[in-house]
Amino acid sequence: MKLTRQPFELELKHPFTIAKFSRTSTPIMLVQLAHEGQIGYGEASMVPYMGESHESAAAFLNKVEVSQFKFPFDFEAIINYPG
């Protein structure tokens, strides 16, 4: 398996406002998992008020060693991954 990632800044159509701040974009991490010619895609939004960023997501994904998994649907092994 191979995991790749791509940071992306999603521009919002309208400003998003809550009590303490307003924003017009949100950071997103796009991911791709390839296994035996099949490709799966996913994404995660990192809302700033939760303390996540492209950098924190990249740091986490850099720690994940997907080569230890033989099959992408081995949910027990993935859930129990110590990362």
Side-chain angles (χ1 to χ4, degrees):
M1 277 193 283
K2 181 180 178 185
L3 177 69
T4 56
R5 61 181 166 78
Q6 175 69 42
F8 185 78
E9 193 71 25
L10 180 66
E11 298 297 324
L12 304 175
K13 186 173 183 178
H14 303 285
F16 177 80
T17 303
I18 60 174
K20 294 186 178 184
F21 70 91
S22 186
R23 61 189 163 108
T24 58
S25 67
T26 192
I28 302 249
M29 184 64 77
L30 304 171
V31 295
Q32 177 178 305
L33 184 64
H35 176 72
E36 295 181 351
Q38 300 295 312
I39 299 175
Y41 299 94
E43 59 89 15
S45 174
M46 288 140 317
V47 292
Y49 58 85
M50 296 296 288
E52 297 295 338
S53 65
H54 286 138
E55 293 77 17
S56 65
F60 172 79
L61 291 171
N62 285 339
K63 294 178 187 177
V64 177
E65 185 54 57
V66 296
S67 63
Q68 75 174 11
F69 304 112
K70 294 176 177 48
F71 184 64
F73 297 107
D74 186 355
F75 297 124
E76 185 175 344
I78 293 167
I79 289 171
N80 292 316
Y81 181 73

Atom CG of L61 and atom NE2 of H54: how far apart are they, to the nearest 0.5 Å? 11.5 Å
Using side-chain heavy atoms (C-beta onward) and a distance below 4.5 Å, is F69 in contact with I78? yes
CD on Q32 to CD on Q6, rounded to 0.5 Å: 10.5 Å
I need the L33 CG to Q38 CD distance, nearest 0.5 Å. 11.0 Å
OG1 of T24 to CD of E9: how many Å apart, nearest 0.5 Å? 8.5 Å
Gap separating the CZ atom of F71 from the CD atom of E36, nearest 0.5 angstrom: 8.5 Å
Do L12 and F21 sit in one hydrophobic cluster, given that two such residues count as connected whenever their side-chain heavy atoms are within less than 4.5 Å of each other, even indirectly? yes
Atom pair CG (D74) and CD (Q68), whose distance is rounded to the nearest 0.5 Å: 10.0 Å
I'd like to know if V66 and F75 are part of one continuous hydrophobic network [Ile/Leu/Val/Met/Phe/Trp/Tyr, side-chain heavy atoms within less than 4.5 Å]. no
Is the shortest side-chain heavy-atom distance between E43 and M29 below 4.5 Å? no
Check: P15 and R23 side chains under 4.5 Å, non-hydrogen atoms: no
Run the numbers on F8 and L10 for side-chain contact (heavy atoms from CB on, under 4.5 Å), then give the verdict. CA-CA 6 Å; F8 185 78; L10 180 66; 4.1 Å; yes
